[in-house]
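First comes the structure, then the notes that go with it.
Quick note: numbers below take in every heavy atom, side chains included, and nothing from hydrogens, waters or symmetry partners. Residue numbers run from 1 in the order of the sequence given. These figures come from a predicted structure and were not determined experimentally.
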Amino acid sequence: MAWDEWEQLKSEAARRHSTGMRLNQVPSEGWGGAGPQGDLKVDQQDLAAVGDSAFKLFETLGRHGRDAWSVSQTAAKDLTTQGFDLGGGLDHVQERWEKQLQSLLDACAHISNHMDFTKNAHAGDEYHIYSTVSSISALDDGFTERTRR
């Protein structure tokens with residue numbers, strides 16, 4: 001295939017795919033037709049389930065995540081003593097495992113604690129959001145009424 005032919009094929013392909021997707025506006029019925037309230041709903045049970053799962057993972061990892069530590073350290077020392085470079089590699093892998101395990105334990109604890117905090121901090125928010133939306137609707141209705149008079 002000649003260079004000119006290759007360039008021509010590339011140009012044709014680019015022209016064919018240049019009109020692949022065009023987004024000019026949001027559909028008139030809103031985003032996904034979810035209605036004025038939106039479609040994202042999370043209740044206390046959802047938050048509690050996420051927090052509970054994170055706590056269970058934290059406990060299980062804390063209990064079993066270091067099961068191989070002493071065996072791995074013993075093997076690493078024995079291999080190093082016998083002159084095998086693999087001992088240093090095994091020790092390095094064990095150190096990395098410990099760092100990653102600690103990061104995961106920290107993340108699980110953070111998620112669990114955050115879910116508890118979120119539940120307490122946002123208790124009753126739905127009422128405040130609904131009353132704010134209702135107030136805005138009342139203001140809009142008032143402005144609409146004024147323009148009609």
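Side-chain N or O atoms of Asp52 include none that pairs as donor or acceptor with a backbone N or O of Ala48 at under 3.5 Å. Under a 3.5 Å cut-off, the side chain of Ser112 and the backbone N or O of Cys108 do not form any donor-acceptor pair. Remark: the backbone N or O of Arg66 is not paired with any side-chain donor or acceptor of Trp97 at under 3.5 angstrom.
Taking CG from Leu101 and CG from Asp106, the interatomic distance works out to 9.5 Å, rounded to the nearest 0.5 Å. To the nearest 0.5 angstrom, Glu98 atom CD is 10.5 Å from Gln100 atom CD. Between the CD atom in Glu95 and the CG atom in Leu90 there is a gap of 10.5 Å [rounded to 0.5 Å]. In this structure, the separation between CG on Leu79 and CG on Asp85 is 10.0 Å, given to the nearest 0.5 Å.
Taking the side chain as every heavy atom from C-beta outward, Thr74 and Lys77 never approach each other to under 4.5 Å. The shortest distance between side-chain heavy atoms of Leu104 and Leu61 falls below 4.5 Å. Asp78 places a side-chain heavy atom less than 4.5 Å from the side chain of Gln82.
Put simply, Leu57 and Phe55 are part of two different groups of oily side chains (I, L, V, M, F, W, Y) that touch within less than 4.5 Å, one to the next.
The minimum heavy-atom distance between Ala68 and Gln94, with the atom names listed, is O-OE1, 4.3 Å. Of all heavy-atom pairs between Ile111 and Ala54, the closest is CG2-CB, 3.7 Å.
For the pair Lys10 and Glu7, the salt-bridge criterion is met [side-chain N within less than 4.0 Å of a carboxylate O].
A 6.0 Å sphere centred on CZ of Arg96 holds no more than 12 heavy atoms belonging to other residues, nucleotides or ligands.
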